[in-house]
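See structure below.
Just so it is clear, the structure is predicted and the values come from calculations on it, not from any experiment. These values consider heavy atoms only, across backbone and side chains, with no hydrogens, waters or symmetry-generated copies.
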Amino acid sequence: MREVPANVGEVIRKVRKDLKLSLEDAAKKTGVSKAMLGQIERGESSPTVSTLWKVSSGLRITFSRLLSKTAQEYRVTDLSEIRPFYEAGKKMALYNIFPFDPVTGFDYFYIVLEPGCRYISPTHPNVLEESIVVTEGELLLEIEKAPFVLKEGSSIKFRGDAAHAYANATAQRTVFQNIMKY
């Protein structure tokens, strides 16, 4: 596991206040002493993973919420700033827009298929679900040998461990968004 963020106390305080709980009430719900919760909130103590699990369970919030930042960070990235991975004789370009993050549990890819491209994807036993949204052109998707034609604006979800292939049988490029949920 990665390190506990320095602002975990701020997150706990915000959640506790949002739930309108006193430190004493939060201590009763979580099984973590009032003194320890206060020290964590003030940044005087770094909680163990076990303590964080007690807090998340007692306050009925996800563990990942405790690891999130309180202030939203914004960063705009242009597609031209991302180096693509090429497959299928450079007829397929895969841009990893949002690389895997254990808090979100997904990868987000922007994929371009040039005309005539066919790519047989390896199965992904570690992926729970794969979601595709076609944003340009037409995608021929084969899932366990069953063909699906997805036009611009179409979407589909399937198991990540299913055998599948992507193809562009048209004269125009195909662009689709691919989300892998782990």
Side-chain angles (χ1 to χ4, degrees), residues 1-87 92-112 121-135 155-162 164 175-182:
M1 184 178 156
R2 57 188 188 165
E3 279 188 34
V4 174
N7 68 327
V8 72
E10 295 170 29
V11 174
I12 292 171
R13 180 183 294 120
K14 181 179 180 339
V15 169
R16 182 175 62 78
K17 297 277 186 185
D18 289 348
L19 294 173
K20 298 180 179 15
L21 296 174
S22 67
L23 268 174
E24 188 172 329
D25 294 334
K28 288 177 186 171
K29 288 185 173 290
T30 63
V32 177
S33 74
K34 178 180 168 182
M36 177 57 75
L37 282 175
Q39 289 173 0
I40 294 168
E41 285 188 5
R42 291 187 301 275
E44 296 169 358
S45 178
S46 182
T48 63
V49 171
S50 176
T51 300
L52 289 177
W53 277 114
K54 287 179 180 180
V55 171
S56 69
S57 297
L59 298 181
R60 297 183 182 255
I61 59 172
T62 63
F63 188 81
S64 60
R65 183 162 176 199
L66 292 176
L67 302 180
S68 68
K69 296 179 172 37
T70 53
Q72 180 67 44
E73 293 180 4
Y74 300 102
R75 183 182 186 289
V76 175
T77 303
D78 189 86
L79 192 61
S80 65
E81 297 173 28
I82 301 171
R83 185 173 170 204
F85 297 92
Y86 291 100
E87 292 284 347
M92 177 175 146
L94 182 142
Y95 298 83
N96 195 350
I97 303 296
F98 299 113
F100 177 75
D101 179 338
V103 173
T104 62
F106 71 87
D107 272 319
Y108 185 98
F109 301 100
Y110 178 96
I111 301 174
V112 178
S121 179
T123 59
H124 319 293
N126 60 330
V127 174
L128 297 175
E129 185 175 74
E130 190 166 336
S131 301
I132 292 176
V133 178
V134 177
T135 53
S155 60
I156 191 168
K157 286 184 180 184
F158 56 95
R159 287 186 349 265
D161 64 351
H164 58 287
V175 177
F176 62 96
Q177 317 305 303
N178 183 303
I179 300 168
M180 303 258 195
K181 177 71 176 149
Y182 296 87

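With sequence neighbours left out, the salt bridge (charged side-chain N to carboxylate O under 4.0 Å, His left out) criterion links Lys20 to no other residue. Partners of Tyr108 under the ring pair (Phe, Tyr, Trp, His ring centres under 6.0 Å) rule, at least two apart in sequence or in another chain, are Phe98. Residues passing the side-chain contact (heavy atoms from CB on, under 4.5 Å) test with Thr135, sequence neighbours excluded: Val133, Val175, Gln177. Partners of Ser57 under the side-chain contact (heavy atoms from CB on, under 4.5 Å) rule, at least two apart in sequence or in another chain, do not exist in this structure.
The shortest side-chain heavy-atom distance between Asp161 and Leu128 does not fall under the 4.5 Å cut-off. Residues Met180 and His124 are in side-chain contact: their nearest non-hydrogen atoms beyond the backbone lie under 4.5 Å apart. With a 4.5 Å cut-off on side-chain heavy atoms, Leu19 and Arg16 do not count as touching. No side-chain heavy atom of Tyr110 sits under 4.5 Å from any side-chain heavy atom of Asn178. Taking 4.5 Å as the limit, some side-chain heavy atom of Val8 sits within range of a side-chain heavy atom of Pro47. The shortest side-chain heavy-atom distance between Val15 and Val55 does not fall under the 4.5 Å cut-off.
Atom-to-atom distance recorded for Glu87:CD and Ile111:CD1 is 10.0 Å, nearest 0.5 angstrom. Rounded to the nearest 0.5 Å, atoms OG1 (Thr48) and NZ (Lys54) are 7.5 Å apart. The CZ atom of Arg83 sits 13.5 Å away from the CG atom of Asn96 when rounded to the nearest 0.5 Å. Expressed to the nearest 0.5 Å, how far CG of Leu21 lies from CD1 of Ile12 amounts to 12.5 Å. Between atom OG of residue Ser80 and atom OH of residue Tyr95 there is a gap of 9.0 Å, rounded to the nearest 0.5 Å.
By the 4.0 Å N-to-carboxylate-O rule, Lys28 lies close enough to Glu24 to be salt-bridged with it. A salt bridge does not link Lys181 to Glu129: none of the charged side-chain nitrogens sits closer than 4.0 Å to a carboxylate oxygen.
Pairs engaging residues 10-47 under the ring pair (Phe, Tyr, Trp, His ring centres under 6.0 Å) rule: none recorded [sequence neighbours left out].
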Distance-only donor-acceptor pairs under 3.5 Å for side chains of residues 29-38, two or more places apart:
{"from": "Thr30", "atom 1": "OG1", "to": "Ala26", "atom 2": "O", "distance (Å)": "2.9"}
{"from": "Thr30", "atom 1": "OG1", "to": "Val32", "atom 2": "N", "distance (Å)": "3.1"}
{"from": "Ser33", "atom 1": "OG", "to": "Met36", "atom 2": "N", "distance (Å)": "3.0"}

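Here the closest heavy-atom approach between residue Ser131 and residue Lys157 is recorded as OG-CG, 3.3 Å. Residue Tyr182 comes nearest to Phe106 through the heavy atom pair CD1-CA, 4.1 Å, listed as atom of the first residue, atom of the second, then distance.
Checking Leu94, Ile97, Ile179 one by one against Phe109, the side-chain contact (heavy atoms from CB on, under 4.5 Å) holds for a single residue, Leu94.
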